[in-house]
Amino acid sequence: MCRALFFSSFLFVFGAAVPSLAESENWVWALWENRQVDRGLCEEDIYCEPVTTFVPVLIDQPSTEDAEKLFGSLSVTARRRDDLDHERKLPRICRQVDAAAILGFDPEAWELSDRALALRGLPGVYVKTENVRGPEAYGPSFNDDLYNEVFERFRRVGLQLLNEEEMLATPGQPEMNIYFANTDPDTGCQFRFFAGLSQTMLLTRNHTVKMKAGSWGATGGWDGASPEIDEMASILIAIDQFVEDWVEANASPLQADHIEHSEVTE
């Protein structure tokens, strides 16, 4: 989380020390606990509860005797302080893939969101028009003409048409691919296409797995009922639908379903 309404953090040290009669190894760690509220999510009335995260740092590998001395001195110092929240419970040490423990709430408990939420707050999209192989009859300007048409439609509503470098630097890395199949006179198959927007997403069961997944899509092609709609016009119908969906998603008070979340960081 990079935007916060508030946060409080403190540092404490923990380690392992076993009786001197046993052969042992010890490690001392510093653990930083941070609680904060994401301003963007809260303003959208999606999630306003504080999210707790922990940052561990390995400090030392002392002998058992040195570890006991260190913790003894820390305990004395802690008892002398009266401005800490001594009622806090000891954090549970969890596996890296324990998404609920790391995020501060259980992502598996969320209801599936309205798909339009994937377009809300999206500042721009990279549309790979340069890879679309247009029909031979159209001529070599098909890609440039398609790019200009997409740019103009995005410009009208305030949506940015990103280049690849800008897309990689945009949260979610929004990228639209257009997969186009030309008419094949030998088989009689008419032109078809698929336009799909993909963004980076995390698995709810394991938030360390990040991948690009589809968040919007449309199909189209030749229609015998409207033979005047050619390849360019057919693709632009899908682009118009995407622009319409984006405008609707960013103009309406969409929000995720509200459910109760139990904090799981103890």
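Computation of the quantities below employed the complete heavy-atom set of this structure, encompassing side-chain atoms and omitting hydrogens, waters and symmetry-equivalent molecules.
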Does the [X] side chain pair with the main chain of [Y], one donor and one acceptor, at a distance under 3.5 Å?
X      : Y      : answer
Asp60  : Val28  : no
Asn143 : Thr129 : yes
Ser141 : Asp144 : no
Asn250 : Leu119 : yes
Gln241 : Ala218 : no
Glu166 : Asn163 : yes

Could you tell me the separation between the [atom1] atom of [X] and the [atom2] atom of [Y], rounded to the nearest 0.5 Å?
X      : Y      : atom1 : atom2 : answer
Tyr126 : Leu168 : OH    : CG    : 9.0 Å
Glu68  : Ser75  : CD    : OG    : 11.5 Å
Arg153 : Asp240 : CZ    : CG    : 4.5 Å
Ile59  : Trp27  : CD1   : CH2   : 15.0 Å
Ile235 : Ile178 : CD1   : CD1   : 5.5 Å
Arg115 : Asp245 : CZ    : CG    : 10.5 Å

- prompt: Phe194 vs Tyr179 aromatic rings, parallel, tilted or perpendicular, using cut-offs 30° and 60°?
  reply: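 Parallel, since the angle between the ring planes stays under 30°.
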Testing the basics here: between [X] and [Y], what is the closest heavy-atom pair and its distance to 0.1 Å?
X      : Y      : result
Glu149 : Leu236 : CB-CD2, 3.7 Å
Ala118 : Ser215 : CB-CB, 3.8 Å
Leu159 : Pro123 : CD1-O, 3.6 Å
Gln199 : Leu122 : OE1-CD1, 3.7 Å
Phe242 : Leu197 : CE1-CD2, 3.8 Å
Ser73  : Leu70  : OG-O, 2.7 Å

Should we say atom [atom1] of [X] is surrounded by more than 12 heavy atoms from elsewhere, each under 6.0 Å from it?
X      : atom1 : answer
Gln61  : CD    : yes
Glu165 : CD    : no
Lys212 : NZ    : yes

Quick check on the hydrophobic clustering: are [X] and [Y] connected, directly or via other members, by side-chain heavy-atom contacts under 4.5 Å?
X      : Y      : answer
Leu112 : Met211 : no
Leu162 : Trp216 : no
Val247 : Phe151 : yes

For Trp246, ring-ring contact (aromatic ring centres under 6.0 Å, His included) partners two or more places apart: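 So Trp246 forms no ring-ring contact (aromatic ring centres under 6.0 Å, His included) with any residue.
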Student check: side-chain heavy atoms of [X] and [Y] closer than 4.5 Å:
X      : Y      : result
Met232 : Phe142 : yes
Met176 : Val150 : no
Phe154 : Val125 : yes

